[in-house]
**Q** 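Structure incoming, see below.
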Amino acid sequence: MILARAITLIESTREADRAIAEQIVEDCLPHSGNSIRVGITGVPGAGKSSVIEVLGSYLIGNCSQKVAVLAIDPSSRVSGGSILGDKTRMSSLSASDMAFVRPSPSRGTLGGVAQRTRETMLLCEAAGYENILVETVGVGQSETAVHDMVDFFLLIALAGAGDELQGMKRGVMELADSVAINKADGANIRAAEKARSVAQNALHYLPASQSGWTARALTCSAQTGKGIPELWQCVTEYAAMTKANGWFALARKNQTQTWMHEIIRESLRQRFEAHPAIRKRKDALEKEVLEGRITSFRAARELLETYSDSKGLSSA
Ligand SMILES: Nc1nc2c(ncn2[C@@H]2O[C@H](COP(=O)(O)OP(=O)(O)OP(=O)(O)O)[C@@H](O)[C@H]2O)c(=O)[nH]1
Ligand SMILES: [Mg+2]
């Protein structure tokens with residue numbers, strides 16, 4: 001499949017592939033953007049992949065729309081990735097020719113991985129995928145990275161042992177356009193319903209979003225499929241409202257600017273760390289900092305000056 005091969009090029013770390021990859025992305029740009037981009041986060045085991053499997057199948061079956069599933073997994077470097085797990089958990093999507101499931105690029109920093117996922121998203125759009133679902137596990141910084149590349153941000157949470165919510169961090173709540181309490185099935189229905197009202201209440205006390213949208217708490221079950229159409233209804237309502245008030249387009253524009261700055265940051269970091277003079281000096285300086293023989297400030301400054309000097313730049 002051409003799409004998969006193009007994405008492999010994008011994920012390649014070879015310098016020679018980079019130029020072709022950039023050209024591909026540029027060629028795709030005019031054909032991209034015509035989609036809804038949804039970010040899905042939640043603690044490990046909340047049911048993100050399972051919800052995506054059911055939601056994706058719903059979009060294909062009931063709406064005759066294509067679905068691309070991408071993942072940002074900051075832990076994949078260590079664990080080797082929950083990638084295979086995801087493919088089996090999304091077995092019907094993986095088997096459908098209306099769906100494209102792509103695991104997270106497993107190498108690199110979060111910034112680098114997020115950058116490649118953004119580019120992959122554009123390629124999927126150019127290939128005609130109307131719905132882009134980006135899964136990220138709710139640990140660390142990856143929620144923000146995903147939030148910055150999507151139109152709608154969904155937090156999947158679970159009811160706790162009591163009525164409380166599990167896996168809800170205020171910071172992530174603030175980013176959420178909707179909170180879905182998953183596993184609302186069997187003996188868990190009542191607890192899920194209570195957790196939903198706790199979540200709705202918590203959302204109520206957050207500052208109003210610039211989008212004009214009021215975040216909504218729902219319950220759903222990936223096991224029974226209950227609440228999944230309502231969940232998608234929430235996404236389409238959001239899209240309709242923010243398209244009408246101009247936020248949808250504005251937020252995407254702002255995102256492209258954020259991406260630009262991130263690409264610069266990430267490339268500077270890469271160049272810095274790959275530079276021979278830096279590599280030569282860094283270990284020794286790190287050791288000196290650890291042993292308290294030099295301040296971290298001075299060590300950082302020396303490395304930065306070494307880098308600027310080697311580039312013929314006057315150091316700041
Ligand atoms: N009862 C019930 N179990 C569910 C539901 N959704 C997911 N599960 C189960 O919960 C477990 C975790 O589901 P996943 O979809 O892998 O969760 P995830 O959030 O993608 O997990 P990570 O990718 O590892 O962070 C699996 O054993 C699922 O079968 C649900 O709606 N009801
Ligand atoms: Mg998963």
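Atoms within a ligand are numbered from 1 in the order they appear, just like the ligands themselves. Computed over heavy atoms, backbone and side chain alike; hydrogens, waters and symmetry mates excluded.
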**Q** At less than 4.0 angstrom from any non-hydrogen atom of P44, what atoms of ligand 1 do you find?
**A**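 Those of ligand 1 that fall under 4.0 Å from P44 are 25 (O).
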**Q** For a distance under 2.8 Å, tell me if S50 has an N/O/S atom near the Mg ion (ligand 2).
**A** no
**Q** Hey, is E273 close enough to R279 for a salt bridge, meaning N to O under 4.0 Å?
**A** no
**Q** Check if G45 has a non-hydrogen atom at a distance under 4.0 Å from any atom of ligand 1.
**A**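 G45: in contact with ligand 1 (<4.0 Å).
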**Q** Output yes when a side-chain donor or acceptor of S178 lies under 3.5 Å from a complementary backbone atom of R216, and no otherwise.
**A** yes
**Q** Under a heavy-atom criterion of less than 4.0 Å, does E135 contact ligand 1?
**A** yes
**Q** Which one of K226, E53, K183 has a non-hydrogen atom at the shortest distance from atom 3 (N) of ligand 1?
**A** K183
**Q** C220 to ligand 1: N or O pair under 3.5 Å?
**A**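 No; the residue has no nitrogen or oxygen that sits under 3.5 Å from a nitrogen or oxygen of the ligand.
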**Q** Is a salt bridge present between E193 and R190, judged by a nitrogen-to-oxygen distance below 4.0 Å?
**A** no
**Q** Look at the side chain of K48 and the backbone N and O of V43, then say whether any donor-acceptor pair between them is shorter than 3.5 Å.
**A** yes
**Q** What are the atoms of ligand 1, with element, lying closer than 4.0 Å to any heavy atom of A222?
**A** 6 (N), 30 (C), 31 (O)
**Q** Should V137 be counted as touching ligand 1, given the test is an N or O pair under 3.5 Å?
**A** no
**Q** Check this for me: E15, atom CD, are more than 12 non-hydrogen atoms of other residues, nucleotides or ligands nearer than 6.0 Å?
**A** no
**Q** With a cut-off of 4.0 Å, which atoms of ligand 1 are near a heavy atom of S50?
**A**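 Under 4.0 Å from S50, ligand 1 has these atoms: 6 (N), 7 (C), 13 (O), 14 (P), 15 (O), 28 (C).
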**Q** Against heavy atoms of K48, which atoms of ligand 1 measure under 4.0 Å?
**A** 15 (O), 17 (O), 18 (P), 19 (O), 20 (O), 21 (O), 22 (P), 25 (O)
**Q** Are side-chain heavy atoms of E53 and S92 found at a separation under 4.5 Å?
**A** yes
**Q** Report, as yes or no, whether the 6.0 Å neighbourhood of atom CZ on R252 holds more than 12 heavy atoms from other residues, nucleotides or ligands.
**A**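 Enclosed.
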**Q** What atoms in ligand 1 come closer than 4.0 Å to a heavy atom of D185?
**A**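 With D185 as reference, the close atoms of ligand 1 come out as 1 (N), 2 (C), 30 (C), 31 (O), 32 (N).
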**Q** Are R18 and E22 close enough for a salt bridge, meaning some N to O gap below 4.0 Å?
**A** yes
**Q** By atom name, which N, O or S atom of E135 is the nearest to the Mg ion (ligand 2)?
**A** OE2
